[in-house]
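To start, the structure itself, in structure tokens.
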Amino acid sequence: MDFTAARKAMVDSQVRVNDVTDRHIHAAMLTVPREAFCAPDRAFAAYADGAVEIAGERKLMPARDVSKLLQAAEAREGERALAIAAPYAGAVLARMGLKVTAQEADQAVFDVVGAALAAEGVETAVAPLDQPVGENWDLIVCEGAVVSAPETWGAALRPGGRMVVVERRNAVGKAALYVKGREGLSRRELFDSAPAMLAALTPAPTFAL
């Protein structure tokens, strides 16, 4: 399979046509090998318009949604970014010139994507997803859906820092941009999205008797 041609087709048909105009994002997604961030037996599907398995229940967010999140985040070269359950997005940010740490709760994910992240200069950390490593991040990004963004994520941002995440309670969720100001976090909805839920951050269902 010609992955170089597949990357170009992905950017042309899934990114540019969805109002993502940032050329830095285009350039990064044309070079980061998305096939290295999914299960080896799913590499053939890496550039399809949809989610692709990494390990267990974890999946890559569709490329369209990754690009739209990163454009909304206005990532800048030299910034510090924390990619929580977001290995592909973290690699794209690193290719754009950010200093990136990728955080996962399950080492099994890094067993699949670790070599590709190392090749992009991304540091890695294994820790519960609701306990972000480090502090004063310029940017936090997540590829999985959560019911609501954990308060700990916002607390880990520097003043003026941004966070992009999909919050989902039903079949389709909303991508949101959070910005940390003096009086707390502001929130702006961006677009509809339905990535796989992060099981570690999904409350157990309750039943009324």
Side-chain angles (χ1 to χ4, degrees), residues 1-75 77 81 83-98 100 102-104 106 108-122 124 139 141-146 164-166 168 171-175 190-199:
M1 181 173 180
D2 186 344
F3 288 121
T4 299
R7 278 191 288 277
K8 184 177 186 306
M10 176 189 73
V11 172
D12 288 344
S13 64
Q14 300 175 41
V15 177
R16 288 192 172 103
V17 298
N18 283 294
D19 300 321
V20 177
T21 58
D22 188 322
R23 294 183 179 180
H24 296 96
I25 295 174
H26 297 171
M29 295 183 80
L30 282 168
T31 54
V32 172
R34 187 171 166 89
E35 70 275 9
F37 291 87
C38 57
D41 63 349
R42 301 300 296 171
F44 70 92
Y47 298 96
D49 185 8
V52 187
E53 293 80 2
I54 304 173
E57 296 181 356
R58 282 292 313 285
K59 295 182 179 182
L60 289 178
M61 175 180 275
R64 165 202 178 261
D65 293 6
V66 172
S67 65
K68 290 176 76 68
L69 282 181
L70 297 187
Q71 179 165 268
E74 297 184 350
E77 183 176 0
I84 298 178
Y88 176 69
V92 172
L93 288 170
R95 193 63 70 101
M96 292 170 64
L98 282 77
V100 181
Q103 178 175 338
E104 294 287 347
D106 188 351
V109 176
F110 285 142
D111 290 344
V112 175
V113 305
L117 287 171
E120 300 295 339
V122 175
T124 58
L139 175 62
V141 60
C142 181
E143 285 187 50
V146 296
V164 282
V165 61
V166 174
R168 178 180 166 193
V172 178
K174 291 287 186 181
L190 302 170
F191 55 91
D192 291 346
S193 180
M197 299 292 297
L198 291 176

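Values below: every heavy atom of this structure, side chains too, minus hydrogens, waters and symmetry copies.
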statement: So CG of L190 and CG of L69: to nearest 0.5 Å the spacing works out to 7.0 Å
query: Any donor and acceptor pair, going by atom type alone, linking the side chain of R168 with main-chain N or O of A171 inside 3.5 Å?
result: yes
task: Without swapping roles, check the side chain of K68 against the backbone of N18 for a donor-acceptor pair under 3.5 Å.
output: yes
field: Minimal non-hydrogen separation, P62 against A51, with atom names
entry: CG-N, 3.9 Å
- request: Starting at OG1 of T124, measure out to CZ of F110 and round the result to the nearest 0.5 Å.
  value: 4.5 Å
Heavy-atom pair of closest approach, residues D192 and K174: OD1-NZ, 2.5 Å
message: Quick check against the 3.5 Å criterion: does D106 have a side-chain atom that pairs as donor or acceptor with the backbone of A108?
response: yes
- line: Of I25, L70, V66, the one forming a side-chain contact (heavy atoms from CB on, under 4.5 Å) with V20 is I25
Indicate every side-chain donor-acceptor pair of residues 87-96 with a distance under 3.5 Å to a residue at least two apart or in another chain.
{"unit_1": "R95", "atom_1": "NE", "unit_2": "E120", "atom_2": "OE1", "d": "2.8"}
{"unit_1": "R95", "atom_1": "NH1", "unit_2": "T31", "atom_2": "OG1", "d": "2.9"}
{"unit_1": "R95", "atom_1": "NH2", "unit_2": "E120", "atom_2": "OE1", "d": "3.1"}
{"unit_1": "R95", "atom_1": "NH2", "unit_2": "E120", "atom_2": "OE2", "d": "2.5"}

field: Side-chain donor or acceptor of E143 paired with backbone N/O of M61 under 3.5 Å
entry: yes
With sequence neighbours excluded, residues passing salt bridge (Lys or Arg N to Asp or Glu O under 4.0 Å) with R58: E104
K8 side, atom NZ; M29 side, atom CE - distance, nearest 0.5 Å: 14.0 Å
message: Going by salt bridge (Lys or Arg N to Asp or Glu O under 4.0 Å), name the residues that satisfy it together with D111, two or more places apart in sequence or in a different chain.
response: none
- prompt: Where do C38 and A46 come nearest, in terms of heavy atoms and distance?
  reply: SG-CB, 4.0 Å
- prompt: Taking Y47 for the side chain and R34 for the main chain, is one N or O donor matched with an acceptor at less than 3.5 Å?
  reply: yes
message: Less than 4.5 Å apart, side chain to side chain, heavy atoms only: is that true for P33 and R7?
response: yes
- prompt: Do E77 and L98 have side chains that get closer than 4.5 Å, going by heavy atoms?
  reply: no
- line: What one should report as the nearest heavy-atom pair of A194 and D65 is N-OD2, 4.4 Å
query: Could you walk me through whether F37 and V52 pass the side chain to side chain contact (heavy atoms under 4.5 Å, CB included) check?
result: CA-CA 9 Å; F37 291 87; V52 187; over 6 Å; no
query: Which pair of heavy atoms, one from V15 and one from A63, lies closest together, and at what distance?
result: CG2-O, 4.4 Å
query: Has the side chain of Q71 got a donor or acceptor atom that lies under 3.5 Å from a matching backbone atom of D19?
result: yes
message: With a sphere of 6.0 Å drawn around NE2 of H26, does it hold more than 12 non-hydrogen atoms of other residues, nucleotides or ligands?
response: yes
